[in-house]
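In what follows, chains are A, B, ... by sequence order, proteins preceding strands, each numbered from 1.
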Amino acid sequence: MQESGSPVLLEHLFRRESGRIVAWLAGLLGSAHLQLAEDAAQEAMLRAVQAWPFEGIPAKPEAWLFRTAYNYAISSVRRGAVFRSKADALVAALETGAQPILDLDREQSLRDDELRMVFMCCHPKLAPDAQVALSLKLVGGFSTEEIARIFFSDPSTIAQRLVRAKRLIREQNLTLAMPSKPHLERRLNSVLKVIYLLFSGGYAAHSGEELIRSDVCLEALRLGRLVASSSMGAPRVDALVALMALQAARLPARTNTTGDLVLLEEQDRKLWDDSLIALGFSYFDRSIAGDQISEWHVQAAIAATYASAASSAEIDWSSILEHYDQLMQMTDSPVVALNRAVVVMKVHGAEAALAALTPLAENNALHKYHLLSATQGHVLAALGRLDEAKAAFSAALECHCTVPEKRFLQRQLAMVSIERHETRK
Amino acid sequence: MPQYVLLLHSDGEAWKKLSPEEMQKKVEKYLAWRNKPFVVGGAGLVRDTGRVIRAKGDGVSVTEGPFSESAEVMGGFYTIEAADFDEAVKLSRDIPHIGLGTIEIRQVMVYNT
């Protein structure tokens, strides 16, 4: 019954357009009416799923969705009691502002709308976890349930977080206008941080949800490129994009067919995504054009060193350690110190690594962090201190971690136990 | 070959729970199903409330409706061809509408002259 050659939907079209419709309508209506913008986007998608299964996909599905959302917004404002005295002004704003988008080429204008939305979601008055959740919901087009799945959280917790954040936006009058010059740099830093938080959230391995998680990584990468290509572009933005692209390239190799974790050194490099590696290196080249060196530069340099080794045996561990030393000067992040300890083991051996780990055990931020205990176990096992290694892996298993990580730790624990048994014989 | 109509009753709340990504997947599944050779027709119905006409005294009354008690609204129908009812049911078992409402299958009446 379907005509041959009827259009096919682009991958993730609904999710993408949902974010763009929200950014567009919120831009016209003002951030006080975020909810209406979201409702309109949802309504457009709902009508599409009700109509398209029978009529087929329209010739221009994006335009169809925009038009439908727009019509819904107009009619809601007209009949909605909540808008009362403001209704005329809102309708006028929609009518005059919407035409260019509905009529013609909308790409540039929509990119600006999206960018403003990203910057508003990263407003310093919002808590970091609210910034992340809002960005995923409003810009990324992810649902509350999906966000909850990504962050191992409860949908009602996420829903509450979103409601609070939106209330704060209304009450504090956080607008979609770009911050003024003196605040711009700081806001950009916060945007980059949120983008990388999104990326890391997606990157944490978790069985069964691989697809949605790599979607989040790619969404973070897209947002990074959006910022990089805007007037906000700066070498440190390029560095962040390089970092994400080089790490995302490893996604296909990170778990094996049974869903178990594969450590970087054991990954099949043929599975790495060549186009993402190429993208990463081209952004890395751009990032060193400037004279500033940011944390993102150093992180990207580490990822680039891994990616440029022809095989695991050829990884240049000493230059990676140099990068980590540089990074330690720039940040007091205990996670960076932990990762550095792993590299110390490669370069200077287990005894030195243990010394690097010792102060971290006192750090509250790493309390109950499974990767600290796991690293301790790894180092202690290499030193032949098997009882302590066993205790460390057991402690790691007590912490919150993903299912593949748990299986990985259990294998380590079993190996140490066998070894311990053998040496006692 | 006998024709059967699949009346698709939609549960609006179930639809609203879907994320944009899931909605897109659904649309694609419906369209793939619609493309199957035994599907010969179909149409969607606008969700807005319709009108109900009944006799009233000597004339008719027109009211808005129907308002069903449940959240389910008839959202559209597909017409399929099948050898018999069993086959019609079998062919409809993987319709993507399952989970988003109920499907009522009725045979189209044919007068043999």
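- Both the backbone and the side chain of B:K16 come within less than 4.5 Å of a heavy atom in chain A.
- Residue with the most contacts toward chain A among B:P37, B:G75, B:G76: B:G76 (heavy-atom pairs, distance under 4.5 Å).
- Proximity to chain B (any heavy atom under 4.5 Å) is shown, for A:L65, by neither the backbone nor the side chain.
- Of the possible donor and acceptor atoms, none in the side chain of A:E146 sits under 3.5 Å from a partner among the backbone N and O of B:S19.
- Under the 3.5 Å distance criterion, the side-chain polar atoms of A:Q160 are left unmatched by any main-chain donor or acceptor of A:S156.
- Using a 4.5 Å cut-off between heavy atoms, B:L8 contacts chain A through its side chain alone, with no backbone atom that close.
- The number of heavy atoms from other shown groups lying within 6.0 Å of CZ (A:R16) is above 12.
- If you tally non-hydrogen atom pairs under 4.5 Å between each of A:R15, A:M45, A:H12, A:E145 and chain B, the highest count goes to A:H12.
- Only the backbone of A:E11 comes within contact range of chain B, with heavy atoms under 4.5 Å apart.
- Seen from the ring of A:Y203, A:R254 counts as a face-on cation partner, given the 6.0 Å and 45° thresholds.
- Side-chain atoms of B:R34 come within 3.5 Å of backbone N or O of A:F54 as a donor-acceptor pair.
- Side-chain atoms of B:E104 do not come within 3.5 Å of backbone N or O of B:L7 as any donor-acceptor pair.
- Chain A forms the most heavy-atom pairs under 4.5 Å with one residue out of B:H97, B:Q24, B:E22, and that residue is B:Q24.
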